[in-house]
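Scroll down for the structure; my scribbles are underneath it.
Note that these values count all heavy atoms, side chains included, but never hydrogens, waters or copies made by symmetry. Chain letters run A, B, ... following the sequence lines, proteins first, then strands; residues in each count from 1.
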Protein chains: 2
Amino acid sequence: MSTSTSAQAARPKHPMPFVRVEVCVLGLSESGLQVLLGQREAEPFAGQWALPGGALRIDLDEDLDAAARRVMHERLSLTLPFLRQMVAVGSKTRDLDRAPWALSVAYRALVWVDQVQPLAGKRMSGLAWRPVDEAQSDHSLAFDHRDLIALAVRQTRDEVEALTLPGGFVPPTFTLGELQALCEQILGRALDKSSFRRKLHDRELVRPIEGAMKGGANRPAQVFELCR
Amino acid sequence: MSTSTSAQAARPKHPMPFVRVEVCVLGLSESGLQVLLGQREAEPFAGQWALPGGALRIDLDEDLDAAARRVMHERLSLTLPFLRQMVAVGSKTRDLDRAPWALSVAYRALVWVDQVQPLAGKRMSGLAWRPVDEAQSDHSLAFDHRDLIALAVRQTRDEVEALTLPGGFVPPTFTLGELQALCEQILGRALDKSSFRRKLHDRELVRPIEGAMKGGANRPAQVFELCR
DNA sequence: TCAAAAGTGTTAGGCATACACCCATGT
DNA sequence: ACATGGGTGTATGCCTAACACTTTTGA
């Protein structure tokens with residue numbers, strides 16, 4: 001649509017803020033939801049725990065989502081399958097040590113804890129999983145990251161409650177028992193089997209795969225896949 | 001918390017994107033929801049209709065919300081009472097005429113149409129109210145502003161459905177009839193009087209003001225205020 | 001035969017819709 | 001008297017939680 005003859009940067013009239021992305025990676029395990037945290041090495045908040053993140057690189061990142069993917073790929077050597085933007089926060093005082101004005105775009109993601117081997121990265125002395133309940137009441141986290149964790153947990157749980165199943169996170173095939181266990185781990189509470197299945201059926205969210213059955217130490221279960 | 005000895009800006013290692021805020025102002029009127037649009041004078045999208053917005057000014061704006069308030073105050077000479085962030089969008093190609101990488105933080109607001117007198121502003125040849133239904137199907141809007149309008153309408157309506165009443169927008173005192181009419185205008189459909197009132201009562205959302213009654217050409221109505 | 005998980009049916013209660021109905025006031 | 005909007009009660013149906021129950025396998 002643009003009729004400009006040049007796509008090169010006009011130097012902006014005013015200085016722009018320092019822009020970062022932060023990612024709240026939630027991890028599923030038998031012992032409830034976990035969150036991935038790293039210990040900061042540099043100011044501000046040196047030594048304190050924080051969400052992993054990194055600066056936006058306008059030379060490397062096509063768009064904001066790509067920036068979040070790149071930053072997390074550098075940290076985890078893993079392309080996060082389920083990544084959603086939560087909110088943008090920014091102010092003059094956010095990161096005084098590095099810039100007079102800092103803006104962070106916060107994302108959330110969801111993985112299995114055993115898919116990520118906590119490793120040390122740039123500017124972070126290692127990464128560690130922490131239970132979300134613990135993190136949400138930890139007032140020593142850097143920046144406003146405690147709020148961001150609470151927001152990520154709330155949004156993720158709301159999505160599961162509404163059975164807006166995280167496409168890209170749910171495995172391609174599964175039994176209904178596995179799917180229910182997954183939702184229960186995210187919610188942190190038990191669900192009623194009958195109600196859960198009726199909802200899935202009525203809203204046509206899952207489809208049985210003809211002939212595919214999964215057997216264990218008990219009665220074999222029908223294997224399903226997501227609709228669409 | 002920071003132990004840095006200096007709060008002055010370190011020059012960032014990498015160039016930063018051009019950051020703007022855009023505001024989707026929804027307007028209430030007897031003829032349904034409206035949205036405030038302006039006609040662009042400069043590239044990109046010169047001549048096309050767009051949401052009002054402006055560049056973030058790190059020298060003027062304390063934080064993102066303040067930036068949105070300032071930008072809209074310049075345009076409307078009005079401090080928007082109800083302002084919420086929706087999403088941040090950004091990419092290399094967003095605004096090629098002005099910058100190689102552009103990021104917009106989108107807000108939504110809600111006002112009475114008669115509180116805003118459409119006037120001409122900087123870089124906009126006037127502002128005009130347009131019905132949201134019309135705007136949502138108008139593919140000639142600049143940038144992705146059609147999507148942003150749809151998002152604003154959906155979020156606003158969801159809030160009213162859930163009776164998360166827009167604090168700061170609902171007048172300080174009102175009758176239940178007025179409140180219901182307000183919600184109906186936002187939703188664009190009629191509500192059942194009895195159900196509406198029962199919900200308000202059960203969730204303790206409103207409180208009658210002792211002795212305060214509002215009379216018209218019919219039976220006087222109890223005046224209420226929001227709880228908390 | 002038993003434990004364990006799959007899978008189904010049934011019941012009771014909460015909530016929302018729709019609608020009917022009275023009340024109070026100005027014209 | 002009557003139109004108008006305020007205000008309240010009630011019946012119906014839907015959705016859900018809760019729980020009981022049967023089925024099928026491996027151990």
Output the rounded distance in Å from CG (A:Leu176) to P (D:dT24). 17 Å
Where do N or O atoms of nucleotides 13-17 of chain C meet protein N or O atoms at under 3.5 Å, pair by pair?
| residue | atom | partner | partner atom | Å |
| --- | --- | --- | --- | --- |
| C:dA16 | OP1 | B:Arg203 | NH2 | 3.4 |
| C:dT17 | O4 | B:Arg198 | NH2 | 3.2 |

In whole angstrom, give the distance that lies between atom CZ of A:Phe174 and atom C1' of C:dA6. 16 Å
Here the pair of heavy atoms bringing A:Trp101 nearest to B:Asp61 is NE1-O, 2.6 Å
Grab the CG-P distance between B:Leu200 and D:dG7 for me, whole Å please. 12 Å
Find the bend of the helix from C:dT1-D:dA27 to C:dT27-D:dA1 as the angle between its two terminal axes (five pairs each), to the nearest 10°. 10°
For the CG atom of B:Leu179 and the CG atom of B:Leu205, what is their distance to the nearest 0.5 Å? 9.0 Å
Considering all heavy atoms, the nearest A:Val111-A:Pro81 contact: CG1-CD, 4.2 Å
Applying salt bridge (Lys or Arg N to Asp or Glu O under 4.0 Å), name anything that partners A:Arg203, two or more places apart in sequence or on another chain. none
Residues A:Glu74, A:Arg69: salt bridge by 4.0 Å N-O rule: no
To the nearest angstrom, how far is A:Lys193 atom NZ from C:dG9 atom C1'? 12 Å
Nearest atoms (heavy-atom pairs only) where A:Leu83 meets A:Ala68: CD2-CB, 3.8 Å
I'd like to know if the side chain of A:Asp192 pairs up with that of A:Ser194 as donor and acceptor (distance under 3.5 Å, no hydrogens or angles considered). no
Among all residues two or more places apart in sequence or in another chain, which pass the salt bridge (Lys or Arg N to Asp or Glu O under 4.0 Å) test with A:Arg207? A:Glu225
Show every salt bridge (charged side-chain N to carboxylate O under 4.0 Å, His left out) that has at least one partner inside residues 106-116 of chain A, sequence neighbours left out. A:Arg108-A:Glu159
Would you say A:Arg197 reaches C:dT8's phosphate, i.e. side-chain N/O to OP1/OP2 under 4.0 Å? no
Smallest separation among heavy atoms of A:Arg157 and A:Leu33, with atom names: NH2-CD1, 4.2 Å
At a cut-off of 3.5 Å, list every protein nitrogen or oxygen paired with a nitrogen or oxygen from nucleotides 23-27 of chain C, distance to 0.1 Å.
| residue | atom | partner | partner atom | Å |
| --- | --- | --- | --- | --- |
| C:dC23 | O2 | B:Arg219 | NH1 | 2.8 |
| C:dG26 | O4' | B:Ala217 | O | 3.3 |

To the nearest Å, how far apart are B:Leu179 CG and D:dG7 C1'? 15 Å
Nearest heavy-atom neighbours spanning A:Leu36 and A:Leu51: O-CD2, 4.1 Å
note: A:Gln222, atom CD; D:dT24, atom P; distance rounded to Å ~ 14 Å
